[in-house]
Amino acid sequence: MSELKVVGHPVTRVDVDEKVTGTAIYGYDLVLPDMLHGKVLFSTRPHARIVRIDLEKARRHPGVVCAISGADVPWTHGESIKDKPFLAQGKVRYIGEPVAAVAAVDEDTAQEALKLIEVEYEDLPAYFTPEEACQPGAVAIHEEFESYRKAPIIVGAPMPNVCEHFKLRTGDTAEGFRQSDLVLEESYYVPVIQHAAMEPHSAHAQVDPDTGQVTVWVANDAPFRALTEVAEALGLPQEKIRLINPLQGGGFGSKGGLKLEPIAMGLAFHTNGRPVRVKFNREETFISTLVRHEATVHVKSGVKNDGTLMARHMTLYWGGGAYSEKSPTVCIRGSLPSPGPYRIPHVHVDGYAVYTNKPVAGAFRGYGIPQGAWATEQHMDELARRLAMDPLEFRLKNVFVDGDTAYWGEQLHNVGLTETLTKAAAAIDWDKPKPAGVGRGLACISKPTRSPTTSNAGVLVDTNGQITVLAGTVEIGQGCNTILSQVAAEELKVPIEQVQVAPLDTDVIPFDASTTSSRSTYHMGNAVRGAAIHAREQLLEMAGPMLEGKEEELVVSDGKVHLKGHDEIALTFGEMIRRKLGADAVLRGDASYTYEIGKDLDLETGHSDHASAFYMYATQAAEASVDEETGRVRLHRLSAAHDVGKAINPLNCVAQIEGGVAQGIGSALHENLVIDENGKVRNPSFLDYHLVTSVDLPEIIPIIVECAEPEGPYGAKGLGEPGLAPTPAAIGNAVADAIKSRIRELPLTPERVFWALEERDGK
Amino acid sequence: MKRTEPLEFHQPTSLAEATRIMLDGGPGGYFLAGGTDLVIAMKEKGLVPKYVVDLKRIPSLSGIREEADGGITIGALTTLREVEISPLVVGRYPFLAQSAAEVGSIQIRNRATIGGNMANATPSADVAPALLALDAKARLAGAGGERVMELKDFFRGPGQTVAEPGEILTELLIPPRHPRLVGEYIKFSPRDMMDLAYIGVAVTLTLAESDRRCESVAIALGAVSPTPMRAPGAEAVLLGQVLTEELAEEAGRKASEECNPISDVRSSADYRRAMVRVNTKRALLNAAAGNGPVPWTSRRDRRYA
Amino acid sequence: MSQTIEFTLNGKATSVDAPAHRLLLDLLRDEIGVTGTKEGCGTGDCGACTVYLNGKPVNSCLVLTGELGDADIVTVEGLKDGDAYHPIQAAFIADGGAQCGYCTPGMLMMAKSFLEENPDPTDDDIRFALSGNLCRCTGYVKIVEAVQDAAAELRRRAGKGQDHE
């Protein structure tokens, strides 16, 4: 490979001018001509039959154009299980579930009309933890579960309210425990948290009364998947649906699937062609959109005195909330690697995704890895302490290295784990003595990406030499437009200023699976690279005759082609296109990239010979002390070493790590969406749901490790998600080291730590 | 913000006019100061005022001045940001400036006023304990003229004060204090900023020059009873005594017994009591150590003393 | 009942008909159509809606239109000097201070005001000043760097100005 000119360099973001001048238009900002305003009536009951719902007074309210309930939108959707209605049908399953909606000339009028809607409920038993919801005898939250349309990955269990059962069976754990010198069993808990992207949710929809064309404007992180889901739900051909993506003010998983889209569409079917905007404010976003899975994780491990891991038995209960959303795949992809990135001969995992009467849980940056890591990585330290082994040494003895066969049956390559462990530890002076009261801890993870998936891309070159990238990757703040511009600029040898990324519109842009799972740099990076190479090949084909040279003599440089050694005679891309294709012609390169995995996941054993296109490896190390009189945790510093394969943009990599770590610290010390014994969210505001502020963070030390993945573009893997995954466990281990006591439930608030200290001291 | 009826909006330029508008207007009227509580109540709690009387255009209500006797008068419409950075306040009672700085963000403090903070009577108001520990008084003006009362008597319950209809809190008066008076305010909350006080403790002490006995002691608590409160039992532990770590601990224990916290989504009552105990001790010891104004970063670290 | 309110917005005399209870944030976004100022929470807890009101940064989600007679309001749209970025904008671009960018307008307004008060801040001073502006993407690291770099640039310009005198 020749020397890279753009890739690998800390290029500044390409999308930032509009963000610093206030001209960027986010979904929340979008105003459409003649637009109506939708507002939603939410369920006030956690689990109840709707006995009666009366919309008449609302419909007659001046300024109201339509009012709808489930009966008016008799459709269901869902990624793996079609269990979610557009609006509640017959029953409600959580407080905050959309029950009815109104479209009116302005928001105040719509809000006023909501008060005129009468709903009568008949309460049913409600369940607020996954364990109680799957107890024998529990009432079904979805009586019709058997009849729902489901994806083939859905595996049932002989327990109520389980929407997915993941099984991993390797070796014989009973035998493994027999061969162990030490067997330890503990349970851990991760509470519900929320993405809390700074932009609240919104969606706009319009239905053309003549053609039936449905257009949705929404900051969705997977517009093509959403399009398919909408078409399936409505029973319309895909060409009747169009999604246009305005800019997205953060997502972190919350803005995938269908959230406000069904409500906006449902209203738009009743407005005679007028577009409808539905916006949730912060409180509505907290109670009604999406949360991260709470999880109870039971871990039993067997280990030899020399630190060799022999067996691990895990049971994970994932609290899925009222609808399945992405619970089945979170359960699979979160449970599968939950025993940790270690060589373990005997492994048994049961993961259960369970319906509860809480807000719906779904994709959240990290996709199940943080919950498993909170359990397993603390458990590793608990084992190390009993073995009197250094936690770093204990991990180094057992972690995956190149060529290992993982417990799910796949041989691993390009594993940068050891390097992340040693570098993260060194960055906080792991081997140096600690001051009194200071604790250190580390945690490591591996994370798969959604596989197999496809990305398509187009690269346009116009007669001015301007390059336009057509890619379905959504700029959610992660910097994809910059990365993809770098790739196109690199392959076409143009300055990055000459590259732009086209706005995302499913009528124009080729299919992409999703902007999720840290998959975009790898998959779309490969697709854009392929499309740029395709464009370059066409340009070289044109240049040969024009320059009277053979193909191997042609050199592409600075947006021009010339003969080797004769850069004084160079043809610009634009000139060649004009001469060959026409005055205003556009040359187009196209490419498609799919990473085909090997054998599909075996649903009985959890085995696969290639479960993921690539794996992301990371270690974080924390140094902390605790104010023992109050329980406050004080973080001193936190290092984060991430194997990214190849940093296409080191500045952006560091930014992803820092931001991920900050979220991880929030989930470790502060964040907890408190849902009371009646199923009501008690802290639906930024006053009481505590995101970290600028003063709540320690020194963050980002470390980029590059263990190249040959199949990735320039060797790149992914990086979007892992930044927050090991953070709570690293902090938990540092706190346990500082206070000589173990806390197994998040978050480590001052009060929780305080009572743990009281218990430690026998008070 | 939902509203079908128009909101009458008044901007009087004198106190008398403000009172008259409120008395003429009758029920459903609200005084508006910084708006950081009133507007949130309108948005979140469905409060629908019939009319609002904006006090911000009454010039006499703003500003901080030193009186001839050494007392300090703070106009009720003085913003918390002005209190926070006032050289007079920072120089004389740095813990009062700090208590103002603990409220919300700079943006909030540019709007929120000290009078609004008191008149809203939130149990967790950060400035209240500091003012109570300074024996501050409240001046009210209404149809019946002016009256001055102890600030602690101004509060009646959460969101309730003794102000009559049309009566306006105009000034907070800090009486002349001993030149050696020292104080400290500790806000205890999980985040370092942008939080409500889970508990707040303000103390002031005057220590005898000769033997460092406590000649005056005031301990005031926030967020642990229906109104901001003084802790007389804890004060009695120290009065006339030489402050030691043991006595500070004892005063903290007493304060934790005197308060009456609730359990809510932020904290359990038991934890609040425990934090009153610890932080009262710390506030006393920090105050006695007697330092001048400190930058916020040091303030933060003092909580870990 | 709407009333006519006159004020200055980004240096221009502006007159709008709006009810007194309309929030400044909604007035800007919905009535005037200037959407650079963002709504993150509506309760003064996130700072995304920060604008200058009479020279001071405030949460526009907590200001009633009724108060705005003769006010001077500056939003993110008023930051640029002609075609030139304000040094804070330039620093956010160079240092990667914006990711999703939704908190950025509020951050910029707060940072500008802070540097007017404290031209030579420590990192901790910056963190203190920006603590009312939540960001969910960056972990604040690059934002603090950007504000430091903007401070240096503003000091350089101020120094230059003095040299000429």
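Letters go in sequence order (proteins before strands), and every chain restarts at 1.
Considering every non-hydrogen atom in both B:Arg57 and C:Gly69, the closest pair reads NH2-O, 3.0 Å. Annotation for B:Phe9 and C:Ala20: closest pair CB-CB, 3.6 Å, computed over non-hydrogen atoms. Between B:Asn110 and C:Pro57 the shortest heavy-atom distance is ND2-O, 2.9 Å. Annotation for B:Gln107 and C:Thr50: closest pair NE2-OG1, 2.9 Å, computed over non-hydrogen atoms.
Top candidate by heavy-atom pairs under 4.5 Å with chain B, chosen from C:Val63, C:Leu130, C:Thr65, C:Asp45, is C:Val63.
For C:Glu116, the CD atom counts as densely surrounded, since its 6.0 Å shell holds more than 12 non-hydrogen atoms of other residues, nucleotides or ligands. Counting non-hydrogen atoms of neighbouring residues, nucleotides and ligands closer than 6.0 angstrom, the CG atom of C:Asp17 exceeds 12 such neighbours.
Atom CG of B:Leu38 and atom CG of C:Leu62 lie 10.5 Å apart (nearest 0.5 Å). We find the CD1-SG distance between B:Ile40 and C:Cys61 to be 7.0 Å, quoted to the nearest 0.5 Å. Rounding to the nearest 0.5 Å gives a distance of 6.0 Å between CG of C:Leu53 and CZ of B:Arg111.
In this structure the side chain of B:Ser105 reaches within 4.5 angstrom of the side chain of C:Asn59, judged on heavy atoms.
B:Lys43 contributes a side-chain N or O that, together with a main-chain N or O of C:Gly42, makes up a donor-acceptor pair within less than 3.5 Å. Here the side chain of B:Lys56 pairs no donor or acceptor atom with the backbone of C:Glu67 at under 3.5 angstrom.
A side chain to side chain contact (heavy atoms under 4.5 Å, CB included) with B:Ile106 holds for exactly one of C:Met110, C:Lys56, C:Glu117; it is C:Met110.
Heavy atoms closer than 4.5 Å to chain B are found in the side chain of C:Leu134, but not in its backbone. For a residue to count as touching a neighbouring chain, one of its non-hydrogen atoms must lie under 4.5 Å from one of that chain's; by this rule B:Leu32 touches chain C with the side chain only.
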